[in-house]
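What follows is a set of notes on a single structure, which appears directly below.
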Amino acid sequence: MIQIKDFKNYEEKVIETQGWVTNRRSSKGLEFLILRDGSGFAQCIVSKDDVSDDVFNVAGRLTQESSVKLKGKVVKDEKQIGGFELHVSEIKLIGTSVDYPITNKEHGIEFLMDNRHLWLRSKRQWAVLKIRNRLIYAINNFFQKEGFVQTDSPIFTPNAAEGSTTLFSSKFYDDDAYLAQTGQLYGEAMAMAMGKIYTFGPTFRAEKSKTRRHLSEFWMIEPEMAFYDNDMNMDLIEKFIKYIVKDVLENCETQLEMLNRDITVFKNIISEKFPRLTYDEAVEIIKGKKKINGKTSIEVLENDLIQIKNKIEDCNTEITEKEKIIAGGVKKGKRNFLQNRIDTLKNDIRKLEIKASNIPKWIESAANFEYGNDFGGSDETVITRMFDVPVMVYNWPHQIKAFYMKRDNENPELAKGVDVLAPEGYGEIVGGGERETDLNLLLSKIEEHNLPMKEFEWYLDLRKYGSVPHAGFGLGLERTVAWICGTQHIRETIPFPRYYGRLRP
RNA sequence: UCCUCCUUAGCUCAGUUGGUUAGAGCGUCGGACUGUUAAUCCGCAGGUCCUAGGUUCAAGUCCUAGAGGAGGAGCCA
């Protein structure tokens, strides 16, 4: 049994393969089946001249998503995505499929999410999940090669590690328990045992966020390194991101093409150094006081607004033109084609208008940004808009960062944290920093944050017995997948997403 | 928690200032066509206009409440 991805090794050979019929088109004497088998997609042709009447009739009755076993010859065809098609000689129906709900037409997001268990079979979803898989592989490869030990952290926890975000509550026998929102504190303990470690597991946050960047259940990679300061941490983050991006680029060409992802942007990410901005510099950029490439953020945004308005204008002009042609009377096929184009343009206009209405708000909130605050979504967009590679922001005001963040010796107002912001509005993909080693500072911070001291006694032990400088970070897997795939929404980057309002299927 | 928008055929959506029997495309089914890329063409079937109440001679359309959904804000990876 040959998989579709291996067709290229069997040119002009007769093989057997099996999979699902994802689409069928027919002409007189010809049936075109699009077969998928999880390894890829391939067009399979059944010609009346080449097969028995029985086989041809079976082919003509195949419905979307029926499963089949096929025998046929692999033939080169430049027009096909994989470059090869199958000339079928025999068909065996394995399982029938009646009234498959997801058709080749557009569907609304609610319908697709209700049918997520079937939506996963679609081309786009397949491509995204293949890339997710490759990313996970690359992440493990990177850390293993760098001498890290994978050590996992518990999911049931008795405490709120950062005290900031909302937790899902649960029961652990008779005790109250929560689902972990990070494994970091455990990671620190393990780094003191193993040197360099990483955890890779699910984390849970009960934030009632309804945005394209949020999930209630998501996977996080959290490395923690003994004897690292924040500069070493940032070096590692940069090397790591470059490695995984390069790996996906090299191994998922087909999938990125299916997703229509513009990969030229990734070339820079591999070759260019990521900008490292202090919080102070980032604030200057947000407020429009510091120029990047000769322009302030406000000038860039104002220019964006003009360009968006021009684009809307162009779309409207094209719509008017196309509508005139339709009104003039054309054949049905041509009319459908034009109508589809008009629908696409109208959709584009809707998105552009949302953007256009957001930009003045961004400019306003950027101009009024108050030093000492954390960045909001729009502030992140403003900063990343100025660069075409991920941006690292470090040295944050200590008040807005977690209790365990290391204070800067030279400026005690600052904490040695680092956030990495992905380009194109995909937001914060990495958060991390150097950890506080001073026992007394930690004690006062825990009190300041009103955290239950009792739950942190074990953590404080790490500072009593051979405390060393150490640092680490957390990478959100789904946000990274979303960024690399260029998906509109993070919910497409995990097989069965859990987010506010979505628990099933 | 707040703001904006949406709910009409299996799916995606039109439906004008309230007005007679609610429309289209896709999908299904039947037929035509020898290379299609969401094929195309012809035809059949398919409706509790989200729910409840109200205004009106008359409500898919207006008003009120509720349910479900989408986008954004805050919070964050």
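Sequence lines set the chain letters: A, B, ... in the order given, protein chains first and strands last, and positions in each chain run from 1.
Of the candidate nucleotides B/G35, B/U12, B/A70, B/U12 has the atom nearest to the side chain of A/His107. When each of B/G71, B/A38, B/C76 is scored by its nearest atom to the side-chain atoms of A/Arg212, the top-ranked nucleotide is B/G71. Comparing B/A77, B/A38, B/C33 by their closest approach to the side chain of A/Ser26 singles out B/C33. Between B/G74, B/A77, B/U37, one nucleotide has an atom nearer to the side chain of A/Gln43 than all others, and that is B/U37. Comparing B/A39, B/C29, B/A70 against the side chain of A/Arg25 picks out B/A39 as the nearest. In this structure, the nucleotide among B/G35, B/A77, B/G71 sitting nearest to the side chain of A/His489 is B/G71.
Nucleotides B/G19 and B/U1 are separated by 44 Å at their C1' atoms, to the nearest Å. Here the separation of B/G53 from B/C13, taken at their P atoms, is 29 Å to the nearest Å. Separation of the P atoms belonging to B/A24 and B/C42 is 13 Å when rounded to the nearest angstrom. One C1' atom belongs to B/G10, the other to B/C57, and the distance between them is 37 Å to the nearest Å. The separation of B/C3 from B/G60, taken at their P atoms, amounts to 30 Å, rounded to a whole angstrom. With both ends at atom P, the span from B/A9 to B/G23 equals 14 Å, rounded to whole Å. Taking atom C1' on both B/A14 and B/A67, the two are 25 Å apart, rounded to the nearest angstrom.
Searching all strands for a Watson-Crick or G-U wobble partner of B/G68 with both distances below 3.5 Å returns B/C6. Both distances falling under 3.5 Å, in either a Watson-Crick or a G-U wobble arrangement, occur for no nucleotide opposite B/G18. Using N1 to N3 plus N6-O4 or O6-N4 for Watson-Crick, or N1-O2 and O6-N3 for G-U wobble, each under 3.5 Å, B/A59 pairs with nothing. Nucleotide B/G30 has B/C42 as its partner under the Watson-Crick or G-U criteria, with both atom distances under 3.5 Å. Partner assigned to B/C13 is B/G23, using Watson-Crick or G-U wobble distances below 3.5 angstrom. For B/A73, the paired base is B/U1 (Watson-Crick or G-U wobble, both distances below 3.5 Å).
The distance between atom CZ of A/Arg498 and atom P of B/C76, rounded to the nearest whole Å, is 25 Å. We find that CZ of A/Arg205 is positioned 9 Å from P of B/C76, with the value rounded to whole Å. Atom pair A/Asp77:CG and B/U37:P shows a separation of 13 Å (rounding to whole Å applied). Per the geometry, CZ belonging to A/Phe375 stands 14 Å off P belonging to B/A77, to the nearest Å. Put simply, NE2 on A/His214 is 15 Å from C1' on B/G71, counting in whole angstrom units. Protein atom CG of A/Leu167 is 13 Å distant from nucleotide atom P of B/A77, rounded to whole Å.
For the pair A/Lys123 and A/Phe41, the cation-pi criterion (under 6.0 Å, within 45° of the ring axis) is fulfilled. Judged by a 6.0 Å distance limit and a 45° cone about the ring axis, A/Lys242 is positioned over the six-membered ring of A/Phe274.
At the heavy-atom level, A/Gly431 lies under 4.0 Å from the strands shown only through sugar-phosphate atoms. Among the atoms of the strands shown, only primed sugar atoms or phosphate atoms (P, OP1, OP2) are found under 4.0 Å from some heavy atom of A/Gly501. As judged by a 4.0 angstrom heavy-atom cut-off over every strand, A/Asp419 is placed among residues making no nucleic acid contact.
The pair A/Asp114-A/Arg502 meets the salt-bridge criterion, since a charged nitrogen lies less than 4.0 angstrom from a carboxylate oxygen. The pair A/Arg435-A/Glu224 meets the salt-bridge criterion, since a charged nitrogen lies less than 4.0 angstrom from a carboxylate oxygen.
On a pure distance criterion of 3.5 Å, no polar donor-acceptor pair joins the side chain of A/Arg61 and the base of B/C29. If you check distances only, the side chain of A/Glu85 does reach the base of B/G35 with a donor-acceptor pair under 3.5 Å. Judged by distance alone with a 3.5 Å cut-off, a donor-acceptor contact links the side chain of A/Ser209 to the base of B/C75.
Nearest heavy-atom pair across A/Ile4 and A/Ser39 is N-OG, 3.2 Å.
In this structure, A/Leu277 and A/Ile383 have side chains that are in contact, with non-hydrogen atoms separated by less than 4.5 Å. Inter-residue side-chain proximity for A/Asn230 and A/Val418 is flagged as met; some heavy-atom pair is nearer than 4.5 Å.
Side-chain nitrogen and oxygen atoms of A/Tyr499 include at least one within less than 4.0 Å of the OP1 or OP2 phosphate oxygen of B/A70. Under 4.0 angstrom from either OP1 or OP2 of B/G71 there lies at least one side-chain N or O belonging to A/Arg491. The side chain of A/Lys210 contributes no N or O atom lying less than 4.0 Å from OP1 or OP2 of B/G72. Contact annotation: A/Arg213 side-chain N/O to B/C76 OP1/OP2 distance is not under 4.0 Å. For B/C11, the OP1/OP2 oxygens have no side-chain nitrogen or oxygen of A/Asn115 closer than 4.0 Å.
Between A/Thr63 and A/Phe111, the residue anchored nearer the 5' end of RNA chain B, judged by the nucleotide with its closest heavy atom, is A/Phe111. Residues A/Gly474 and A/Phe32 both approach RNA chain B. Their nearest nucleotides, taken by heavy-atom distance, put A/Phe32 toward the 5′ side.
Here the side chain of A/Thr493 pairs no donor or acceptor atom with the backbone of A/Val481 at under 3.5 angstrom.
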